[in-house]
2 protein chains.
Amino acid sequence: MLIEIDLESDLPIYSQLVNQIIEGIATGHLKPGEGLPSVRTLAADLGINLHTVNKAYQILKQKGFVLIHRQKGVVIQPQGIAKADAYFIEGIKETVKPLVAESICRDISEEEFITYCRELFSYFHKQKGGFSNE
Amino acid sequence: MLIEIDLESDLPIYSQLVNQIIEGIATGHLKPGEGLPSVRTLAADLGINLHTVNKAYQILKQKGFVLIHRQKGVVIQPQGIAKADAYFIEGIKETVKPLVAESICRDISEEEFITYCRELFSYFHKQKGGFSNE
DNA sequence: CTATATGTTATAGTATATATATAACAGATA
DNA sequence: TATCTGTTATATATATACTATAACATATAG
């Protein structure tokens, strides 16, 4: 899977890595059991430090997206990702709340906002669906 | 308007201030032309430093939510807030994208996600509407 | 056995962000 | 004149982000 980082972004590099790998799982580009590059390989490919990659992998492990075998390497959680709990839902609301507030101030309607959300769901489902034999 | 900050939060204090003031405008608790406490007053009330409040005010000014008169103080933008531009929309999508990705991985349906968004819109509109003579 | 690959740990250094503390300044107003 | 604005300037402390090296434990390939 292609990973690109933006050194100008205000998002830390390790966060960009975490996001892109989760997005890869969401689209189906990364499948359960699939291996990820070693910390050294990915770091070299991206021109960043091994510890930055390792930090991203540790966060993904803590979130339950990957398993880390000390020698085999890092693989996408083969058992599937743990379903959302109340804590995760709360985090979503907390993050979206200021966006909704500013949207209201700037005259973005509820329906317009929801259109953007639906577009994002469509984006991720484009590749994942399509085949019934999975 | 009541402002509360959480020193344990991973969000910087100045960001919490910015968010809560924008949310105050969204709910209608803060009205155009209304004055905000001076940087010293608010800092003292919250038990934080004057520069932290000032940073929040500067961000709100840059975003177009307040006017700052060097002597009069800080007031909610009397002309109303500038409508959303393409840049703002892009920012919304960028912020929501990783949330949608993780939601898909965690089996949160598009409709469930949208329900949470609608709940937030309802929350902000509760106080704002209600009266037709505004 | 040896070499190589894994993730892991340790140490150090640099740069930036966050928040604080103090002091002083410019200008309007009471 | 005293007091209230926001503003600017310094300095300090702490945490975060990122890098640079080195070394370690362990599984596997040759």
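Reminder, nothing fancy here: chain letters follow the sequence lines and each chain counts from 1.
- Atom CD of B:Gln77 sits about 12.0 Å away from atom SG of A:Cys105, to the nearest 0.5 Å.
- No more than 12 heavy atoms of other residues, nucleotides or ligands shown are found within 6.0 angstrom of OH on B:Tyr123.
- A residue-by-residue look at A:Gly47 and B:Pro37 shows that B:Pro37 has its nearest nucleotide of DNA chain D further toward the 5' end.
- Atom-to-atom distance recorded for A:Glu112:CD and B:Ile92:CD1 is 8.0 Å, nearest 0.5 angstrom.
- Between B:Leu60 atom CG and B:Ile25 atom CD1 the span is 7.0 Å, to the nearest 0.5 Å.
- Within the 4.0 angstrom heavy-atom criterion, no nucleotide atom of any strand lies near B:Ser15.
- A:Leu11 has its CG atom 15 Å from the C1' atom of D:dC18, to the nearest Å.
- Here the CD1-CE distance, from A:Ile21 to A:Met1, works out to 6.0 Å after rounding to the nearest 0.5 Å.
- A salt bridge links B:Glu111 with A:Arg118; the closest basic N to acidic carboxylate O contact falls under 4.0 Å.
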task: Scan nucleotides 23-30 of chain D nucleotide by nucleotide, 5' to 3', and note B when protein non-hydrogen atoms come under 4.0 Å of the base, S if they reach only the sugar-phosphate, - if neither.
output: B--BS---
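- One hydrophobic cluster, built from ILVMFWY side chains closer than 4.5 Å, holds both B:Leu99 and B:Ile89.
- Taking both residues in full, the closest heavy atoms of B:Pro32 and B:Pro78 are given as CB-O, 3.8 Å, listed atom of the first, atom of the second, then distance.
- The stretch residues 54-65 of chain B touches DNA chain D through B:Asn54, B:Gln58, each having a heavy atom under 4.0 angstrom from the strand.
- Remark: the A:His51 side chain and the D:dA17 base include no donor-acceptor N/O pair separated by less than 3.5 Å.
- Rounded to whole Å, atom P of D:dA15 lies 14 Å from atom CD1 of B:Ile13.
- Once rounded to the nearest 0.5 Å, the distance linking CG of A:Leu11 with OG1 of B:Thr95 reads 8.5 Å.
- Rounding to whole angstrom units, CG of residue B:Asn49 and C1' of D:dT7 are separated by 14 Å.
- A close approach under 4.0 Å does occur between a side-chain nitrogen or oxygen of A:Thr52 and OP1 or OP2 of D:dT19.
- Within 6.0 Å of atom NZ in B:Lys72, 12 or fewer heavy atoms from other residues, nucleotides or ligands are found, so the atom counts as exposed in its surroundings.
- The footprint of chain B on DNA chain C, defined by a heavy-atom cutoff below 4.0 Å, extends from C:dT18 to C:dA28.
- Atom CD1 of B:Ile114 and atom OG of B:Ser109 lie 8.5 Å apart (nearest 0.5 Å).
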